[in-house]
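To keep things clear, I will list the structure first and then write my remarks on it.
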Amino acid sequence: VQLQASGGGWVQAGGSLRLSCAASGRTFSTYNMGWFRQAPGKEREFVAVITKSGTSTYVADSVKGRFTISRNNVENTVLLQMNSLKPEDTAVYYCAASPRGLFYASNYTYWGQGTQVTVSS
């Protein structure tokens, strides 16, 4: 599976962005799809995940109520809608695919290249 993330950019605090991750291959629906982020000088952290069929989603406490993850198994895409953005959301955001497991980076086999999100105060 090859993953291509897009949609990052610069936004003022309180604004919104929508990240998109396009996947190649016919096995997209066999992977849980997650988003992680990494800020300068910090470890990569879990943001959100959606299960293979899309029936369950989980988000980190730090983004709960602001970020929503969704997927389309026909178009092989996963989206991360980010609202009410805060300066602390500034990071490189990565989409990733996991055959099993949900919350840990080590569960994920395939990673996209990352897209920068910058939120100014």
Side-chain angles (χ1 to χ4, degrees):
V1 176
Q2 291 186 323
L3 303 174
Q4 180 74 34
S6 62
W10 178 90
V11 65
Q12 288 188 323
S16 298
L17 284 173
R18 187 176 71 173
L19 304 185
S20 178
C21 180
S24 64
R26 300 179 180 178
T27 61
F28 179 72
S29 62
T30 66
Y31 293 93
N32 300 313
M33 295 299 299
W35 286 95
F36 289 75
R37 67 186 182 186
Q38 188 166 18
K42 295 187 177 181
E43 293 186 353
R44 192 168 297 190
E45 65 173 356
F46 166 78
V47 175
V49 62
I50 186 166
T51 54
K52 300 171 185 179
S53 63
T55 53
S56 297
T57 63
Y58 305 91
V59 297
D61 288 343
S62 59
V63 305
K64 194 166 293 183
R66 301 188 297 121
F67 290 15
T68 304
I69 187 170
S70 61
R71 70 187 293 162
N72 185 319
N73 283 349
V74 174
E75 297 182 355
N76 287 6
T77 57
V78 58
L79 302 178
L80 184 69
Q81 179 65 45
M82 306 185 296
N83 298 327
S84 302
L85 283 161
K86 303 176 181 180
E88 51 263 45
D89 295 318
T90 295
V92 177
Y93 284 70
Y94 299 89
C95 62
S98 169
R100 64 171 66 185
L102 298 174
F103 305 116
Y104 300 101
S106 58
N107 295 145
Y108 288 77
T109 306
Y110 301 102
W111 291 83
Q113 84 287 3
T115 184
Q116 176 71 47
V117 171
T118 302
V119 185
S120 65
S121 58

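Heads up: numbering here begins at 1 and tracks the sequence.
Across all non-hydrogen atoms, the minimal contact from Leu17 to Gly7 is CD2-O, 4.0 Å. Listed here is the closest heavy atom pair of Gln38 and Ala91: O-CB, 3.5 Å. The minimum heavy-atom distance between Thr109 and Pro99, with the atom names listed, is OG1-CD, 3.2 Å. In plain terms, the two heavy atoms of Val11 and Gly15 that are nearest each other are CG2-CA, 3.8 Å. Of all heavy-atom pairs spanning Gly8 and Leu19, the tightest one is N-CD2, 3.5 Å. Taking each heavy atom of Leu3 and Ala23 in turn, the nearest pair found is CD2-CB, 3.6 Å.
Sorted by first then second residue, the ring pair (Phe, Tyr, Trp, His ring centres under 6.0 Å) pairs that include residues 66-101, not counting sequence neighbours, number zero. Listed by first and then second residue, the side-chain hydrogen bond (donor to acceptor under 3.5 Å, both in side chains) pairs involving residues 112-121 are Gln116-Thr118 (not counting sequence neighbours).
Linking Ile, Leu, Val, Met, Phe, Trp and Tyr whenever their side-chain heavy atoms come within less than 4.5 Å leaves Val92 and Val47 in two separate clusters. Using a 4.5 Å cut-off between side-chain heavy atoms of Ile, Leu, Val, Met, Phe, Trp and Tyr, with links allowed through other members, Leu102 and Ile50 fall into different hydrophobic clusters. In the hydrophobic clustering of ILVMFWY residues, with side-chain heavy atoms under 4.5 Å counting as a link, Val117 and Val49 come out apart.
Side-chain atoms of Asn73 do not come within 3.5 Å of backbone N or O of Phe28 as any donor-acceptor pair. Thr90 contributes a side-chain N or O that, together with a main-chain N or O of Val119, makes up a donor-acceptor pair within less than 3.5 Å. Ser98 places a side-chain N or O within donor-acceptor distance of the main-chain N or O of Asn107, the cut-off being under 3.5 Å.
With rounding to the nearest 0.5 Å, the separation of CD1 in Ile69 from OG1 in Thr57 is 7.5 Å. Taking CG from Asn72 and OG from Ser29, the interatomic distance works out to 11.5 Å, rounded to the nearest 0.5 Å. Distance check: Lys52 NZ to Thr30 OG1 gives 6.5 Å after rounding to the nearest 0.5 Å. Here the CE-OG1 distance, from Met33 to Thr77, works out to 9.5 Å after rounding to the nearest 0.5 Å.
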Less than 3.5 Å apart, which donor and acceptor atoms pair up between the side chains of residues 79-88 and the rest of the protein, not counting sequence neighbours?
from, atom 1, to, atom 2, distance (Å)
Gln81, NE2, Asn83, OD1, 2.9
Asn83, OD1, Ser16, OG, 2.9

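Taking the ring-ring contact (aromatic ring centres under 6.0 Å, His included) definition, one finds that Tyr58 meets it with Phe103, sequence neighbours left out. The salt bridge (charged side-chain N to carboxylate O under 4.0 Å, His left out) search around Arg71 returns none, not counting sequence neighbours. Arg66 is linked by a side-chain hydrogen bond (donor to acceptor under 3.5 Å, both in side chains) to Asp89, counting only residues two or more places apart in sequence or in another chain.
Trp35 places a side-chain heavy atom less than 4.5 Å from the side chain of Val78.
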